[in-house]
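Scope of the values below: all heavy atoms of this structure, side chains included, with no hydrogens, waters or symmetry mates. Note that this is a predicted model, so its numbers are computed, not measured.
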Amino acid sequence: MDYPALERAARRGAAGEVMRQAASELEQVVTGRRALRAVRHPLGFVCLPVLRDGAEGVCVHLFGPADPVLTDHQVHSHSWDLTSTVLYGRLGNRRMRVREDPETPTHRVFEVHSDPSGVDELRPTRRLVRCLPGAEQTSARGQTYALPAGEFHATVVPDGRPAATLVLGRTLPGRADLSLGPLRAPGRRVVRRTCDAAQTARIARAALRRMHEPDPELPL
């Protein structure tokens, strides 16, 4: 996979090119030519890690009705710049206005430390902040959105309907993954559950089927 070429295609809005690449990767998973395993993320979506190459990464994220583990930590920011193209369905991102406020805070900032073993450790910091909801952007099939590293946001799945995105990430040095949690919450650990080969193939097959179905919200 050519990460720079895929990034350029996503940023110029060449949705067909991005979606063909995503379909090709999913087909390889279904047929067993790719041995990757799907991961059930604590925030409630399924991740297919397509590429890990130094600071660059590509994943397919699949959303649907979920009972997220980290219900108190939905507002988060990445240590990497994100460029995401919607493969099917609709996905919303609500940007949050977060400012330091030790006097009348609403949340505490937690650092998220991820271990290759699949364990995420949420460590409370001394930062107390006030968080207010900002604008929400909803993207539909074929549309691309970007979120810079460090921008706090929460992902919204309209009506819990299935949706998927091809996510490109470029990690920036010196940054940390962060989340907002309750003021007095202790640190905690959560485990990313890895699917077996059969489960992963079923997930990829379902995603391919939905990619090839007509979008009911688009005119014929």
Side-chain angles (χ1 to χ4, degrees), residues 38-49 57 59-84 86 89-139 145-165 167 169-195:
V39 178
R40 297 191 182 278
H41 194 281
L43 286 176
F45 61 87
V46 174
C47 172
L48 288 167
C59 296
V60 176
H61 286 177
L62 303 109
F63 301 84
D67 183 18
V69 175
L70 298 180
T71 53
D72 292 329
H73 293 264
Q74 288 295 304
V75 178
H76 60 283
S77 71
H78 304 295
S79 60
W80 37 278
D81 289 332
L82 175 152
T83 305
S84 186
V86 180
R90 300 169 71 243
L91 197 69
N93 279 287
R94 181 176 292 280
R95 289 171 164 82
M96 299 295 186
R97 302 195 302 271
V98 176
R99 61 179 176 84
E100 306 293 328
D101 189 347
E103 301 300 325
T104 56
T106 58
H107 295 81
R108 183 179 296 277
V109 177
F110 288 70
E111 287 190 355
V112 183
H113 296 264
S114 299
D115 189 88
S117 66
V119 176
D120 289 343
E121 185 175 353
L122 282 75
R123 302 175 186 172
T125 72
R126 294 183 177 182
R127 290 182 60 193
L128 300 177
V129 299
R130 175 165 289 274
C131 175
L132 297 174
E136 181 176 331
Q137 173 191 5
T138 299
S139 302
Y145 62 90
L147 288 168
E151 180 162 341
F152 283 98
H153 63 282
T155 301
V156 181
V157 184
D159 303 321
R161 294 181 179 179
T165 59
V167 181
R170 190 186 298 275
T171 300
L172 301 184
R175 298 295 186 100
D177 293 319
L178 303 175
S179 72
L180 301 188
L183 294 172
R184 294 174 177 81
R188 62 181 295 191
R189 286 185 171 187
V190 293
V191 178
R192 303 184 184 210
R193 292 176 291 151
T194 302
C195 300

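- For the atom pair L122 CG and H113 NE2, the distance stands at 9.0 Å (nearest 0.5 Å).
- Here the closest heavy-atom approach between residue C59 and residue P49 is recorded as SG-CA, 3.9 Å.
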Derivation and outcome, side chain to side chain contact (heavy atoms under 4.5 Å, CB included), residues V46 and V39: CA-CA 6 Å; V46 174; V39 178; over 6 Å; no

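- Listed here is the closest heavy atom pair of A154 and M96: CB-CE, 3.9 Å.
- Considering only heavy atoms from C-beta on, H78 comes within 4.5 Å of H153 through its side chain.
- Side-chain contact between L43 and H76 is present, with heavy atoms from C-beta onward closer than 4.5 Å.
- Annotation for F110 and A185: closest pair CZ-O, 3.6 Å, computed over non-hydrogen atoms.
- At distances below 3.5 Å, not a single donor-acceptor pair connects side-chain atoms of S79 with backbone N or O atoms of T171.
- The shortest distance between side-chain heavy atoms of V157 and L91 falls below 4.5 Å.
- To the nearest 0.5 angstrom, R192 atom CZ is 7.5 Å from C47 atom SG.
- Here the shortest heavy-atom pairing between T165 and V167 reads OG1-CG2, 3.3 Å.
- For the atom pair CD of Q74 and OG1 of T155, the computed distance is 8.0 Å after rounding to the nearest 0.5 Å.
- Among residue pairs with one or both ends in residues 105-119, none qualify as salt bridge (Lys or Arg N to Asp or Glu O under 4.0 Å); sequence neighbours excluded.
- With sequence neighbours left out, the side-chain contact (heavy atoms from CB on, under 4.5 Å) criterion links R99 to D101, R130.
- One finds the CG atom of D177 at 8.5 Å from the CG atom of D120 (value rounded to the nearest 0.5 Å).
- V109 is listed as a side-chain neighbour of L180, based on a closest heavy-atom distance under 4.5 Å.
- Contact detail for R95 and A146: the closest heavy-atom pair is NH2-O, 3.0 Å.
- Interatomic distance, OG1 of T138 versus OH of Y145, reported as 10.5 Å (0.5 Å rounding).
- In this structure, CZ in R127 is found 4.0 Å from CD in E100, a value given to the nearest 0.5 Å.
- Looking at heavy atoms from C-beta onward, V98 lies in side-chain contact with C131 at the 4.5 angstrom threshold.
- Two residues are said to be in side-chain contact when any heavy atoms from C-beta on lie closer than 4.5 Å; R90 and R161 fail this criterion.
- Using a 4.5 Å heavy-atom cutoff, the side chains of V112 and H73 are not in contact.
- In plain terms, the two heavy atoms of L172 and A149 that are nearest each other are CD1-CB, 3.7 Å.
- Under the 30°/60° scheme for interplanar angles, the aromatic rings of H61 and F63 are found to stand perpendicular.
- The salt bridge (Lys or Arg N to Asp or Glu O under 4.0 Å) test applied to R94 returns E136, not counting sequence neighbours.
- Side chains of V129 and P105 form no contact here, defined as non-hydrogen atoms less than 4.5 Å apart.
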